[in-house]
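Counting convention: from 1, in listed order, for ligands and their atoms alike. Remember, it's a predicted structure, so these values are computed and weren't measured experimentally.
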Amino acid sequence: MLSITKIFSFEAAHRISNYQGSCSRVHGHSYKIQITVTGKEIGEDDMLIDFKVLKDLVNESVIRQFDHSFILQRNAKNINDFSLLEQRVFWMDYEPTAERMVLWMVTELEKALPVSIYLRKIVLFETETSFVTWESVPHLK
Ligand SMILES: Nc1nc2c(c(=O)[nH]1)N=C([C@H](O)[C@H](O)COP(=O)(O)OP(=O)(O)OP(=O)(O)O)CN2
Ligand SMILES: [Zn+2]
């Protein structure tokens, strides 16, 4: 089966407020993401989906939301510490672990992709050595 992949990056700060250790402190990452999509057939343009179209769609639905933001779980501790901060805070329902960020991206991308194009895989690198992978399960489609 054909699939295409495009690579993105964004910078963001976060903290994992319930973490026992240094990740509970505010710190930043240069996130890297690989987005892979697939489809049953290629179009009249001989493409599954134009890389440029995929780029615009991912930038609009995902990257723009996170880039240069401060990602926090909306909980009492963070609201107390940061709600008055004059920064761009991206509030999440869960701690901003790479796993939760990927699941948020899956929801947004599945809404944004054209009907004939399916999200196949997302790999989110939080650091050079730590990454999370999400893959669709074909028989559940
Ligand atoms: N399963 C997860 N574990 C951790 C996450 C996460 O999102 N999912 N996040 C963190 C912290 O955000 C931390 O910034 C990243 O941790 P780590 O990879 O350990 O970072 P290091 O810079 O220490 O990596 P080294 O390459 O080992 O130096 C923690 N855990
Ligand atoms: Zn971190």
Let me know which protein residues bring a heavy atom to under 4.0 Å of ligand 1; chain then number is fine for ordering. His14, Ile16, Tyr19, Cys23, His27, His29, Thr97, Ala98, Glu99, Glu126, Thr127, Thr129, Ser130
Between [X] and [Y], is there a donor-acceptor pair closer than 3.5 Å when you use the side chain of the first and the backbone of the second?
{"X": "Gln34", "Y": "Thr5", "answer": "no"}
{"X": "His14", "Y": "Pro96", "answer": "yes"}
{"X": "Glu95", "Y": "Gln73", "answer": "no"}

How close do [X] and [Y] get, heavy atom to heavy atom, and via which atoms?
{"X": "Phe82", "Y": "Val26", "answer": "CZ-CG2, 3.7 Å"}
{"X": "Arg88", "Y": "Gln65", "answer": "NH2-O, 2.8 Å"}
{"X": "Val37", "Y": "Leu48", "answer": "O-CD2, 4.1 Å"}

Which label fits Phe10 and Tyr31: parallel for a plane angle under 30°, tilted from 30 to 60°, or perpendicular past 60°?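 Parallel: the ring planes of Phe10 and Tyr31 meet at under 30°.
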Are Asp81 and Arg15 close enough for a salt bridge, meaning some N to O gap below 4.0 Å?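 Salt bridge flag = yes for Arg15 with Asp81.
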Any side-chain heavy atom of Thr38 sitting closer than 4.5 Å to one from Ile117?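 Not in contact.
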What are the protein N, O or S atoms, given as residue plus atom name, that sit under 2.8 Å from the Zn ion (ligand 2)?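 Those protein N, O or S atoms (cut-off: under 2.8 Å from the Zn ion (ligand 2)) are His14 NE2, His27 NE2, His29 NE2.
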